[in-house]
Each structure stands twice: as structure tokens, then as C-alpha cells.
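We use all heavy atoms of the structure for the numbers below, so side chains are in, but hydrogens, waters and symmetry mates are not. Numbers for residues simply follow the sequence, beginning at 1.
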Amino acid sequence: MKVARQFVVQKGMIRQGFKGRAGLGIFEENGRTWGMLVLEPAAPLLFAPPAKLSAKRLWPGMQEEDVPNIELINGKGEAKALKTRLDEIFEPFPQRDYFRGGREQAERRALWRRVLTDALTSPVVRIVQELNIRHRDARLTELNEWWCGKSPTFECRWDQTFYAPRSGARFLLEWMLIGRPHCESSPMQTEESAPRPVVLYSDDDILVINKPARLSSVPGVREKVCAKTMLERQYGELHVVHRLDLDTSGLLVFARNKRSLEHLNKSFRERDTHKIYEARLEGVISEQQGRIELPLALNWLDRPRQCSLTEDGGGKASATEFVVIGTQQTAGGLKTLVRLSPVTGRTHQLRVHCAKGLGCPIDGDPFYGHPGLEGETDATRLCLHAAELTFVHPTSGELVTFKAPADFPDF
């Protein structure tokens with residue numbers, strides 16, 4: 001797909017100065033291979049100054065009567081209204097009483113209507129829709145999206161970088177690809193392939209491990225093989241105190257009984273714990289130390305990606321302290337090693353603070369780094385590691401510190 005993207009650019013199929021998403025599908029039909037290019041220009045609002053951006057302006061809720069009367073077509077040629085697809089998604093969550101969570105549920109549904117309606121303009125959705133209408137016998141061999149031009153003000157995107165389609169597209173494509181051969185989304189790890197966590201300390205109250213990268217901390221929607229279930233086979237029931245992202249390696253503590261869980265939850269909630277991460281950045285930065293203060297918010301149209309909005313615009317205050325601890329010469333060039341101390345604990349905080357706050361993403365980051373999805377290979381990984389964890393032991397009352405040095409691959 002990288003070669004096909006280069007061909008599209010070299011042939012001038014995308015005009016100079018274009019900003020937005022580009023999608024390309026490659027097909028085989030009647031002995032020939034052909035492609036379909038779809039462009040989605042970015043709305044001018046996305047490049048507005050930070051003071052003019054807010055969650056409500058970017059992602060306004062949509063009422064049921066405002067959902068467009070559009071039919072989706074699947075690989076069998078069957079039609080389904082967008083409103084019907086939304087009803088299917090909402091079905092497992094019955095309507096609540098207004099004063100018992102119903103108001104919040106209505107707001108959430110309004111956002112999801114916006115998410116799926118917005119996904120209709122996603123290049124990959126438009127490609128599959130056109131394919132299902134006019135070329136049902138064509139075999140889809142590749143389908144990808146990449147970003148063109150400068151990044152939206154509140155996001156962190158790089159020109160010519162492949163990204164996953166916006167999150168709402170997945171819910172549309174699940175049905176649209178029925179009847180069309182394609183690769184199903186599969187878990188990253190199986191019981192056979194999953195790396196094993198290393199137990200660093202265990203007593204009657206706590207279990208401390210060094211979690212490998214690309215192993216989920218706890219079971220998820222897609223990833224069922226995880227550190228918790230693997231360890232419970234040997235150590236019995238474990239209670240989740242905190243988590244690390246699937247791509248992040250390092251120190252993780254589980255409680256082994258309810259009393260310890262209550263104590264540790266209180267410590268983490270009240271920030272009586274101290275965490276230090278080590279990271280390798282994509283390049284070299286000039287600052288040697290400092291504090292990054294950048295409010296963060298969930299990008300509703302592209303979850304789980306996070307973005308930066310002012311606190312008045314819906315962002316949550318977020319702060320990270322950093323210190324440069326050296327540089328490393330790698331196969332990809334000279335790169336900076338940093339120690340990161342999160343003052344707050346937002347989702348993807350360290351990743352966004354490095355990419356947008358320092359202007360230099362964490363090496364190997366498929367969400368916010370320059371290589372994007374192309375950089376996600378067996379030879380690479382997100383170079384972020386929870387290297388030090390300090391907390392009060394739930395029984396002894398002593399301050400305990402655990403350390404696990406980072407070991408990033410050369411790429």
C-alpha cells in the first residue's frame with residue numbers, strides 16, 4: 001500500500017495543499033487489478049485557534065430526527081438504513097429513566113449518532129459502499145487511509161502517515177463487509193504467542209510484575225489473553241489496581257485481597273503513589289528538563305485517540321515533568337532518552353505530551369508517531385516503559401519502591 005500511495009502522490013492525483021484524509025482501495029476483477037482513490041477534505045474548523053475550539057463545537061450531539069436517511073449496502077447487495085444500524089448498536093442498552101441515568105444516556109446516544117453519521121464520509125466507508133453497489137464481484141485486496149497536509153490544531157497527525165479509519169467507521173464496516181471476503185480483526189496475542197509477565201515480588205497482599213509490551217493488563221473487548229488471567233492460574237484471584245496501555249511495558253501491581261485493594265485504590269486515587277516512566281523519543285530535543293502542561297480530551301470521532309483542548313473547551317488539566325537522561329544512537333538515527341513523571345493520569349497522557357508538548361513523539365508510537373501504522377512491526381514497539389513505582393505497602397505501612405530498567409529494541 002505504501003507503493004500505491006507513492007504512485008498516487010507522484011502522479012499528482014492529490015492536489016498540492018490538500019488537507020484531510022485520503023483512502024485507497026485495491027481490487028482484482030476479471031483478471032485485472034485496479035484501485036479507487038477517495039479524498040475527504042478536512043473542515044476549516046479543525047484548524048481554528050485553540051481558543052475557538054471546544055468539544056461541543058467539534059462533536060455536537062445529534063438527535064434521532066436529524067440522522068440522515070441513508071442506506072448502507074453490504075457485500076450481498078442487501079440494504080440497511082443508518083437509523084436501523086444505530087438501533088442495533090443501542091439495543092443492548094435499554095432506555096433508562098431520565099432521573100436514573102437517562103439524561104446521561106441520551107447525551108451519550110446523541111454523541112454516538114454524530115460519530116456514525118460523521119463516519120459516512122470516511123474514505124474507506126465510501127470505497128466499500130461504491131464497491132458493494134457497482135462492483136460486487138471485485139475482490140478487495142487492500143484498503144487503507146492516510147493523512148495529507150498539516151495537522152488539525154487540536155490533534156497530532158503527520159503528513160503522508162497511515163492511520164486507522166475513524167472509530168465510527170468500524171461499526172459501519174462490520175455490516176457492510178458481510179458477504180465480501182476480508183480479513184477479520186483478530187486479537188494481537190493468543191495463548192501461544194503472548195509474552196509472559198515477569199513476577200518481581202509477591203506476598204499475601206500484593207503482586208508486582210514487569211509487564212511486556214503488547215500484552216494487555218486486563219481482559220478487553222478484543223484482547224482476552226492478558227497479564228491478569230495468565231497470572232491468576234498460578235496466584236489465584238487478583239484485583240486490578242491500575243493499568244498500563246497494551247503497548248506500554250513495565251511495573252504493574254495487583255492486589256491479592258479486598259483489603260489490600262481498598263488501600264491501594266485509595267493511594268492511587270489520592271496520588272500517594274509515585275510513578276516514573278522511561279521513554280525513547282523519535283529524535284533529539286533541545287530542552288533538558290521541564291514541565292508539560294497540556295489539557296487533554298478524548299477525540300470522540302477517533303477514539304481511543306486523545307487530543308488537546310483548552311479547559312474551557314472541555315479538556316482536562318494534565319501535567320507531566322520530564323528530564324533528558326541521555327541520547328541513543330539507533331538504526332533509525334540519534335534519539336533522546338527521557339524520564340517522565342506524570343503529575344496527572346490521563347489516557348495517553350505521556351504519548352500526547354511528548355508528541356504535541358515536546359514536538360517529538362515517543363519512538364514506535366502507532367497513534368501519534370510519524371511512521372503511524374507502518375511502524376507497527378515485529379521489530380518495533382512503543383518505547384515507553386514504567387520503570388519505577390513507589391507506594392505504601394497495605395499491611396506493613398512501609399514505603400516500598402520497585403524498579404525495572406527499560407530495554408528498547410534497536411530500530
Could you tell me if the side chain of W59 sits less than 4.5 Å from the side chain of D118, heavy atoms only? no
Working note: E262 + K266, criterion salt bridge (Lys or Arg N to Asp or Glu O under 4.0 Å); need CA distance, chi angles, decisive distance, verdict. CA-CA 6 Å; E262 183 178 350; K266 184 173 183 292; over 6 Å; no
Under the side chain to side chain contact (heavy atoms under 4.5 Å, CB included) criterion, do C354 and L340 qualify, and how do the steps go? CA-CA 9 Å; C354 288; L340 303 167; 3.9 Å; yes
Between R85 and E88, is the closest basic N to carboxylate O distance under 4.0 Å? yes
Backbone N or O of I26 within a donor-acceptor pair of the T141 side chain at under 3.5 Å? yes
Can you measure from CZ (R136) to CG (N74) and round to the nearest 0.5 angstrom? 9.0 Å
Measure from NZ or CZ of R305 to the centre of the six-membered ring of Y163, then state whether that distance is under 6.0 Å and the direction lies within 45° of the axis. yes
Hey, mind stepping through R21 and C148 against side chain to side chain contact (heavy atoms under 4.5 Å, CB included) and telling me if it holds? CA-CA 6 Å; R21 298 172 189 259; C148 301; over 6 Å; no
From CE (M230) to CG (L238), nearest 0.5 Å: 12.5 Å
E311 side chain vs P295 backbone, donor-acceptor pair below 3.5 Å: no
Taking atom CG of D410 as the centre, does the number of heavy atoms from other residues, nucleotides or ligands within less than 6.0 Å exceed 12? yes
Using atom types as modelled and distance alone, determine if a side-chain donor or acceptor of S216 lies under 3.5 Å from a backbone N or O of C226. no
For a quick test of reading the model, state the closest non-hydrogen atom pair linking L373 to A164 and the distance between them. CD1-N, 3.5 Å
Please check: side-chain N/O of R280 versus main-chain N/O of P409, any donor-acceptor pairing under 3.5 Å? yes
Donor-acceptor pair, S151 side chain versus R157 backbone, under 3.5 Å? yes
Any side-chain heavy atom of H370 within less than 4.5 Å of one from E282? yes
So does E232 get a backbone contact from the side chain of E237, meaning a donor-acceptor N/O pair under 3.5 Å? no
Chi angles and distances behind the salt bridge (Lys or Arg N to Asp or Glu O under 4.0 Å) call for R96, E104: CA-CA 9 Å; R96 296 179 183 175; E104 293 80 4; over 6 Å; no
Please report the shortest heavy-atom distance between W147 and P152, naming the atom on each side. CZ2-CD, 3.5 Å
Check whether any side-chain heavy atom of V343 lies under 4.5 Å from a side-chain heavy atom of E321, and answer yes or no. yes
Do the non-hydrogen side-chain atoms of L58 and L301 ever get within less than 4.5 Å of each other? no
How many angstroms lie between CD in E71 and CD in E78, if you round to the nearest 0.5 Å? 12.0 Å
Does atom CD (E270) have a neighbourhood of more than 12 heavy atoms from anything else shown, all under 6.0 Å? yes
Whether the side chain of T330 engages the backbone of G332 through a donor-acceptor N/O pair (distance < 3.5 Å, no angle test) should be reported. yes
With side chains defined as the heavy atoms from C-beta onward, is the minimum distance between F7 and M13 less than 4.5 Å? yes
So, taking the atom named CZ in R5 and the one named CZ in F162, what distance separates them when rounded to the nearest 0.5 Å? 4.5 Å
For E293, the salt bridge (charged side-chain N to carboxylate O under 4.0 Å, His left out) test, sequence neighbours excluded, returns R291
Any salt bridge linking E145 with R166? Criterion: basic side-chain nitrogen under 4.0 Å from a carboxylate oxygen. no
To the nearest 0.5 Å, tell me how far W146 CH2 sits from T161 OG1. 12.0 Å
Flag side-chain contact, heavy atom, 4.5 Å: S217 against K211: yes
Among all residues two or more places apart in sequence or in another chain, which pass the side chain to side chain donor-acceptor pair (under 3.5 Å) test with S249? R381, H385
Which is it for L296 and H353 under the side chain to side chain contact (heavy atoms under 4.5 Å, CB included) test, yes or no, and what are the steps along the way? CA-CA 9 Å; L296 300 178; H353 276 187; 4.1 Å; yes
May I ask you to check whether over 12 heavy atoms, not counting those of Y98, lie within 6.0 Å of atom OH? no
What pair of heavy atoms forms the shortest contact from V115 to S167, and how long is it? CG1-OG, 4.4 Å
Is it true that F171 and W112 have ring centroids separated by less than 6.0 Å? yes
According to salt bridge (charged side-chain N to carboxylate O under 4.0 Å, His left out), who are the partners of R243, at least two apart in sequence or on a separate chain? none
Quick check on Q95: does its CD atom have over 12 non-hydrogen neighbours (other residues, nucleotides or ligands) under 6.0 Å away? yes
Is any side-chain heavy atom of D247 closer than 4.5 Å to a side-chain heavy atom of L384? no
Under 6.0 Å from the CZ atom of R108, do we count more than 12 heavy atoms belonging to anything else shown? no
Take E130 and R126 through the test salt bridge (Lys or Arg N to Asp or Glu O under 4.0 Å) and record every step on the way to the result. CA-CA 6 Å; E130 179 70 13; R126 291 161 61 192; over 6 Å; no
Looking at every heavy atom in both P197 and L215, which two are closest together, and how far apart are they? CD-CD2, 3.9 Å
Please determine whether the number of non-hydrogen atoms from other residues, nucleotides or ligands lying under 6.0 Å from atom CG of D378 exceeds 12. no
Kindly compute the distance separating NZ (K76) from CG (N132), expressed to the nearest 0.5 Å. 12.0 Å
Side chains of R180 and L131: does their closest heavy-atom pair fall under 4.5 Å? yes
Derivation of the salt bridge (Lys or Arg N to Asp or Glu O under 4.0 Å) call for R256 and D203: CA-CA 8 Å; R256 300 192 67 183; D203 61 23; over 6 Å; no
Distance-only, no hydrogens or angles: does the Q289 side chain make a donor-acceptor pair with backbone N or O of E287 under 3.5 Å? no
If the plane angle is over 60° it's perpendicular, under 30° parallel, otherwise tilted; pick one for H348 and F367. tilted
Within a radius of less than 6.0 Å around CD of E64, do more than 12 heavy atoms belonging to other residues, nucleotides or ligands occur? no
Please check this pair: side chain of T380 against backbone of G375, looking for a donor-acceptor N/O pair closer than 3.5 Å. yes
Below 30° counts as parallel, above 60° as perpendicular, anything between as tilted: where do the rings of Y201 and H393 land? perpendicular
Taking atom types as modelled, find out whether T248 and R351 have a side-chain donor-acceptor pair closer than 3.5 angstrom. no
S318 side chain to K316 main-chain N or O, any donor-acceptor pair under 3.5 Å? yes
Measure across A22 and L39 and return the closest heavy-atom pair with its distance rounded to 0.1 Å. CB-CD2, 3.6 Å
Would F391 and I206 count as a side chain to side chain contact (heavy atoms under 4.5 Å, CB included) if you check the C-alpha gap in whole Å, the side-chain angles of each, and the deciding distance to 0.1 Å? CA-CA 11 Å; F391 57 90; I206 62 173; 3.9 Å; yes
When you measure from the centre of the six-membered ring of F154, is the NZ or CZ of K356 under 6.0 Å away and within 45° of the axis? no
